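Report on the following structure.
All chains are named by letter (A, B, ...) in the order of the sequence lines, taking the proteins before the strands, and each is independently numbered beginning at 1. Since the model is a prediction, treat every value here as computed from it, not as a measurement.
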4 protein chains.
Amino acid sequence: MKFSFKNDYSEGCHPAILQSLLQHNLDQQTGYGEDEYSLQAKELIRKKINSQNSEIYFVSGGTQANLIVISSVLKPYQCAISASTGHILNNETGAIEATGHKILSIEKEDGKLTPADIIPVLESHGNIPHQVMPKMVYISNSTELGTIYTLKELKELSDFCKEKHLYLFMDGARMGHALTSEINDLTLENVAALTDIFYLGGTKNGALIGEAIVINNQDLQQDFAFNIKQKGALLAKGRLLGIQFLELMKNDLYFDLASYANQQAMKIKHAMEERGVRFLSETYTNQIFPILSNDLIQKLSEKFEFYVWKKIDENFSAIRLITSWSTGDEPVNDFIEIIKREL
Amino acid sequence: MKFSFKNDYSEGCHPAILQSLLQHNLDQQTGYGEDEYSLQAKELIRKKINSQNSEIYFVSGGTQANLIVISSVLKPYQCAISASTGHILNNETGAIEATGHKILSIEKEDGKLTPADIIPVLESHGNIPHQVMPKMVYISNSTELGTIYTLKELKELSDFCKEKHLYLFMDGARMGHALTSEINDLTLENVAALTDIFYLGGTKNGALIGEAIVINNQDLQQDFAFNIKQKGALLAKGRLLGIQFLELMKNDLYFDLASYANQQAMKIKHAMEERGVRFLSETYTNQIFPILSNDLIQKLSEKFEFYVWKKIDENFSAIRLITSWSTGDEPVNDFIEIIKREL
Amino acid sequence: MKFSFKNDYSEGCHPAILQSLLQHNLDQQTGYGEDEYSLQAKELIRKKINSQNSEIYFVSGGTQANLIVISSVLKPYQCAISASTGHILNNETGAIEATGHKILSIEKEDGKLTPADIIPVLESHGNIPHQVMPKMVYISNSTELGTIYTLKELKELSDFCKEKHLYLFMDGARMGHALTSEINDLTLENVAALTDIFYLGGTKNGALIGEAIVINNQDLQQDFAFNIKQKGALLAKGRLLGIQFLELMKNDLYFDLASYANQQAMKIKHAMEERGVRFLSETYTNQIFPILSNDLIQKLSEKFEFYVWKKIDENFSAIRLITSWSTGDEPVNDFIEIIKREL
Amino acid sequence: MKFSFKNDYSEGCHPAILQSLLQHNLDQQTGYGEDEYSLQAKELIRKKINSQNSEIYFVSGGTQANLIVISSVLKPYQCAISASTGHILNNETGAIEATGHKILSIEKEDGKLTPADIIPVLESHGNIPHQVMPKMVYISNSTELGTIYTLKELKELSDFCKEKHLYLFMDGARMGHALTSEINDLTLENVAALTDIFYLGGTKNGALIGEAIVINNQDLQQDFAFNIKQKGALLAKGRLLGIQFLELMKNDLYFDLASYANQQAMKIKHAMEERGVRFLSETYTNQIFPILSNDLIQKLSEKFEFYVWKKIDENFSAIRLITSWSTGDEPVNDFIEIIKREL
């Protein structure tokens with residue numbers, strides 16, 4: 001069996017979660033998210049974000065979180081704005097449009113949006129009522145390219161959105177990895193203070209399933225549960241989501257797992273940098289995009305699985321490597337060894 | 001703590017499932033339902049239904065299964081027909097209409113549809129193109145009232161649907177309970193042969209989450225996976241669904257669990273019948289609807305949780321009791337004891 | 001050629017409209033409803049309803065008006081309530097559901113809703129968040145059965161809706177006929193004061209196309225034009241709608257035409273009543289539903305077109321007769337003559 | 001009053017249409033498009049396109065035609081491909097997305113699509129089922145920039161679409177102008193043979209309202225009328241659409257009007273070319289985009305209305321001038337006179 005660096009959801013979940021599922025298995029609980037684990041997990045999150053008035057809902061996955069949030073927040077004629085690399089634009093089978101909403105795309109190499117990127121979009125959408133009304137800015141942190149927002153960048157974007165009456169929504173499928181990156185200066189409390197709504201991804205950080213949607217803007221909280229039910233996302237056994245987030249939030253397991261994943265990626269990155277490898281984008285999270293010769297890629301693929309991300313020229317391509325909370329030292333060292341031997 | 005007879009999803013899952021999750025936890029698997037557990041579970045289901053050409057997809061819950069199936073199968077101007085008790089009509093927050101489709105409701109006391117029920121609906125929808133086009137018949141087995149379809153009834157309905165070019169879709173959230181009822185004469189193989197599409201419910205029969213959608217009509221199979229992804233139902237760690245159905249299908253655990261739940265309900269039912277209690281509907285599955293005096297209901301509610309379903313008159317109401325794969329003998333016996341003592 | 005009593009849209013439009021179209025044909029005007037005729041027509045309507053803060057939009061037809069209003073006003077999880085005879089329930093090919101909204105149906109013989117009808121619907125929709133949230137009451141005046149609301153009835157319904165936080169929406173496809181009925185005591189000013197939103201139908205009262213949507217509740221006015229454009233209802237040459245409503249509103253032509261249509265229907269009704277004919281519903285507008293022997297229906301159908309509405313027994317059926325602003329005396333007298341001769 | 005070159009829908013309609021409306025005003029006709037004028041107009045169109053098996057439906061406007069066609073043809077997970085200048089992308093308030101469908105945009109300076117443009121889009125959408133499935137190519141002729149397709153270009157695109165199982169849909173809001181351009185070599189018969197579905201625009205070529213949707217691919221014809229009704233586009237008095245297309249199609253009035261509009265635009269264009277004016281795009285239809293000094297634009301705007309389309313540099317901008325079937329010689333000559341005087 002080859003070891004896979006294809007993604008961060010190839011394994012099951014952190015053992016603490018399975019232990020807790022075992023321990024509480026036969027306890028009777030109220031359904032649909034009213035179980036005591038969910039209530040406790042929400043309370044823990046509220047403490048960590050230091051925002052008692054935020055409302056929290058757990059759903060199964062990222063596409064589900066995105067489509068519920070966007071269709072709940074926007075009126076029929078309003079649209080979202082996203083970097084061209086946005087997950088909602090490229091890899092959700094038109095899930096957002098299926099709820100009736102357009103997404104305006106902004107070309108960005110690094111996957112991050114700034115006020116300067118958004119201004120022209122607003123300016124070119126003033127032909128009322130013949131054009132959709134931009135009303136939400138969708139960002140990911142870390143982005144689909146592994147890059148992250150600094151506190152200063154997020155603050156500027158947040159201020160801009162408030163000024164322009166745009167909602168700011170952060171897709172946090174890999175929030176843990178962003179916030180534990182070695183170059184990060186954002187806290188979860190900052191995120192809660194600077195966004196209208198965001199979610200904390202569990203699926204890609206040690207849970208079996210689960211994203212925690214956090215609604216900070218109180219205007220967006222009313223009746224949110226109806227949307228979750230209507231989109232088929234309200235689990236009868238909400239305990240499954242509650243227990244997972246309870247375990248992940250206790251003792252900061254969530255951040256420890258993400259930090260570990262980042263470190264494993266950085267080990268590979270540093271080994272490559274020592275040998276002069278260039279990267280498609282400069283990342284400090286659990287995704288790296290080294291540019292390698294096709295020969296070397298061929299050799300690596302005999303022992304590892306990963307995506308060839310982008311052709312650079314006739315002889316070189318960028319590959320994508322992703323590490324997870326469960327990526328052991330052995331595959332990392334094996335991989336590095338080949339790099340050192342071949343370069 | 002009171003023991004709850006409110007539903008069949010108050011506990012976690014069958015221990016065999018947790019054991020399997022533990023055992024395979026660190027195995028790397030392909031995501032999005034292409035894991036080996038999912039593939040094996042699908043193969044097992046195909047064998048049990050004796051239909052190698054059926055396609056199978058796992059999703060998280062019943063509302064999700066219903067909305068994906070109906071929106072995938074129907075064209076925009078087509079609608080579903082359901083008994084007035086149908087889950088899609090009453091308890092899914094308009095999830096089907098949210099995908100653009102009307103549901104035509106037929107009043108039925110027992111929650112079951114027959115050709116005679118459907119004919120007038122077809123006859124009153126012939127004003128082309130001013131009315132929706134009926135194109136699917138939605139039934140539940142067991143129904144929301146605990147009743148079940150006989151082979152003869154299902155055969156007649158299936159023949160009728162074929163003749164009228166209607167798709168027949170069976171919501172099997174409690175399929176296990178229907179097929180193991182003491183009065184049942186249907187097999188899973190019959191169900192596959194007589195419906196265009198159906199699902200096997202896991203959530204209410206020992207799984208943490210999970211319904212297995214089985215598409216028998218090959219015209220409805222094409223590109224189905226796109227719909228699952230677009231509706232946010234494609235789990236990155238599809239292994240969670242695969243492992244559960246693999247355990248449930250191995251050695252017929254699925255049917256054993258349902259049969260057990262039915263038996264626990266029947267014990268209570270028989271004890272009540274002996275004391276002359278009447279029932280709102282005649283059921284042989286894990287749901288019973290006894291009509292009791294408000295005094296007795298009050299006494300029972302001091303030790304048990306359950307829904308008061310319907311007011312009968314000033315002094316009597318029907319309650320709903322549901323048993324599950326994990327309902328022990330102790331609460332059942334305690335409940336029966338009160339009945340015997342008070343009646 | 002047989003004369004048709006099938007509906008009130010068999011002919012073109014009132015000649016004054018064509019004259020005005022001719023007169024202004026080559027004037028250049030701003031598009032999309034900003035032409036001067038539309039602006040003047042809106043001003044005239046605001047005066048007639050005595051509500052300077054109401055906003056007015058013209059669209060082409062009734063189904064279009066209904067789907068735009070309902071989808072604009074309701075949030076995704078909210079639904080409308082309608083009498084079972086409602087046009088939106090039966091004759092719009094699921095247009096409302098296609099925008100994502102369920103309609104709850106209340107069985108009513110006379111097509112009219114009262115608070116007492118609505119209370120049980122509200123009571124049975126309290127299982128939050130598992131059920132749609134009722135948020136709008138849809139009524140028609142005159143109804144699809146030709147009946148009308150009295151001031152007292154509308155006042156009670158309006159008060160009830162305010163108390164229950166429900167929007168009240170009146171479909172006025174045949175508003176002119178309602179307000180000029182001999183038993184009517186409502187004014188257009190009353191309608192504006194007692195509803196959140198309504199529309200004045202032109203298509204069935206002398207226009208080629210056109211309904212005037214009047215939004216009285218200021219909470220529902222914001223950005224309404226976007227919805228009209230998004231649903232494909234914003235005519236480039238909005239002048240066509242403006243000119244028609246300008247002509248209809250000038251000198252109360254709108255009411256004169258409807259009153260005339262009502263009188264023609266009443267002539268036939270009275271002639272039938274004199275001969276002892278019974279009616280399916282008691283109407284005083286331009287729709288009547290006499291119950292006649294199949295033999296007589298056969299005879300009438302040799303000279304006239306009309307719908308056979310409902311079978312009463314083996315020998316009798318109800319037919320529907322509709323008169324319009326252009327129904328001349330000759331066909332009315334011919335029809336009456338046959339009645340007198342045969343009964 | 002300034003004369004407006006802003007668009008081709010500032011006036012009413014060709015007088016022949018009003019005469020026909022007057023002449024037939026009181027004839028009773030069947031509603032909903034079954035009137036004799038609509039039937040005759042459809043027959044005339046079928047003859048002109050030499051395609052007896054094409055089905056034809058009349059609707060009010062372009063956005064309506066686009067949203068009905070696209071939502072009828074595509075399955076929920078399928079999307080359309082459009083040039084970045086496409087009307088459906090920019091000026092329809094998200095009407096297509098509101099029906100659930102994404103549009104993939106291709107940057108094109110001239111507004112026209114070729115197989116070479118489309119291939120990379122297909123190649124980057126192969127991640128099944130995580131991405132929308134491209135299934136329709138949407139083109140406009142003439143385009144939103146006034147450019148047109150040659151027979152060779154359309155043939156290549158049509159062949160490519162067939163090979164790739166893509167539907168080809170032509171938005172013909174200005175089809176008349178395209179087919180009567182001095183450089184055109186396409187016939188309406190070619191268009192019918194090479195597209196799956198297209199429409200003939202009336203609104204911008206002498207009608208009050210109206211576009212004729214022509215469905216050539218028989219797979220797309222079934223039940224189409226349901227979609228028209230469901231979207232609120234089925235006019236009760238379909239005669240209004242029928243009479244207009246009957247007049248436009250008789251004696252080729254449709255083409256004469258468009259040809260005239262083109263000629264008026266070309267007069268201005270040639271006068272400008274003589275004075276060395278450059279153009280944003282090279283057009284031979286009724287839209288021209290000359291690049292003028294801001295001073296000259298200022299002078300022209302004292303006597304004429306038109307859109308300033310695009311800033312070129314500090315001193316120059318492109319403006320858009322549109323002529324119509326009713327643009328007289330006087331404003332054209334006045335405009336040319338200023339050009340000659342000032343340049």
- Sequence neighbours left out, what passes side-chain hydrogen bond (donor to acceptor under 3.5 Å, both in side chains) with B:Ser38? Give chain and number order.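 Testing B:Ser38 for side-chain hydrogen bond (donor to acceptor under 3.5 Å, both in side chains), a comparison that skips the adjacent residues, returns B:Asp35.
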If you count heavy-atom pairs within less than 4.5 Å of chain B, which of [options] leads?
{"options": "A:Gly94, A:Ser71, A:Gly62", "answer": "A:Gly94"}
{"options": "A:Glu97, A:Gln29, A:Met1, A:His24", "answer": "A:Gln29"}
{"options": "A:Thr30, A:Thr63, A:Thr99", "answer": "A:Thr63"}
{"options": "A:Asn66, A:Leu240, A:Val59, A:Ile96", "answer": "A:Leu240"}

Part of [X] lying under 4.5 Å from any heavy atom of chain A:
{"X": "B:Leu22", "answer": "both"}
{"X": "B:Ala65", "answer": "neither"}
{"X": "B:Gln19", "answer": "side chain"}
{"X": "B:Leu18", "answer": "side chain"}
{"X": "B:Leu21", "answer": "both"}
{"X": "B:Leu235", "answer": "side chain"}

- Item | Residue among A:Lys2, A:Lys6, A:Glu11 satisfying side-chain hydrogen bond (donor to acceptor under 3.5 Å, both in side chains) with B:Gln28 |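 The single option meeting the side-chain hydrogen bond (donor to acceptor under 3.5 Å, both in side chains) with B:Gln28 is A:Glu11.
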- Query: Between B:Gln64, B:Arg239, B:Glu305, which has the largest tally of heavy atom pairs under 4.5 Å with chain A?
  - Reply: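 Sorted descending by pairs with chain A, the first entry is B:Arg239.
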- Kindly check if the number of other-residue, nucleotide or ligand heavy atoms within 6.0 Å of CD (B:Glu330) is above 12?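 Atom CD in B:Glu330 is not packed in, count stays at 12 or less.
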- Task: Tell me, yes or no, whether the heavy-atom count around B:Gln23 atom CD, taken from other residues, nucleotides or ligands under 6.0 Å, exceeds 12.
- Result: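 Yes, CD of B:Gln23 has more than 12 neighbouring heavy atoms, counting only those of other groups under 6.0 Å.
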- Sequence neighbours excluded, which residues qualify as ring pair (Phe, Tyr, Trp, His ring centres under 6.0 Å) partners of B:Phe304?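 Partners of B:Phe304 by the ring pair (Phe, Tyr, Trp, His ring centres under 6.0 Å) criterion, ordered by chain and then number, come out as B:Phe5, B:Phe335.
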- Only counting residues at least two apart or in another chain, list the ones meeting ring pair (Phe, Tyr, Trp, His ring centres under 6.0 Å) with A:His87.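 For A:His87 there are no ring pair (Phe, Tyr, Trp, His ring centres under 6.0 Å) partners, ignoring immediate neighbours.
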- Where is the tightest heavy-atom contact between B:Trp325 and A:Lys237, given as atom of each residue plus distance?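 That would be NE1-NZ, 4.5 Å.
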- Straight-line distance of B:Leu26 CG to A:Ser10 OG, nearest 0.5 Å: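 Result: 12.0 Å between the selected atoms.
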- Item | Rounded distance (nearest 0.5 Å) linking atom OG1 of A:Thr93 with atom CG of B:Asp223 |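 It comes to 11.0 Å.
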- Task: With a 4.5 Å heavy-atom cut-off (strictly below), which parts of residues 226-234 of chain A touch chain B? List them by number.
- Result: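 A:Phe226, A:Lys229, A:Gln230, A:Lys231, A:Gly232, listed by number.
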- Main-chain N/O of A:Cys13 paired to B:Asn25 side chain as donor or acceptor, under 3.5 Å: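 A pair under 3.5 Å: yes.
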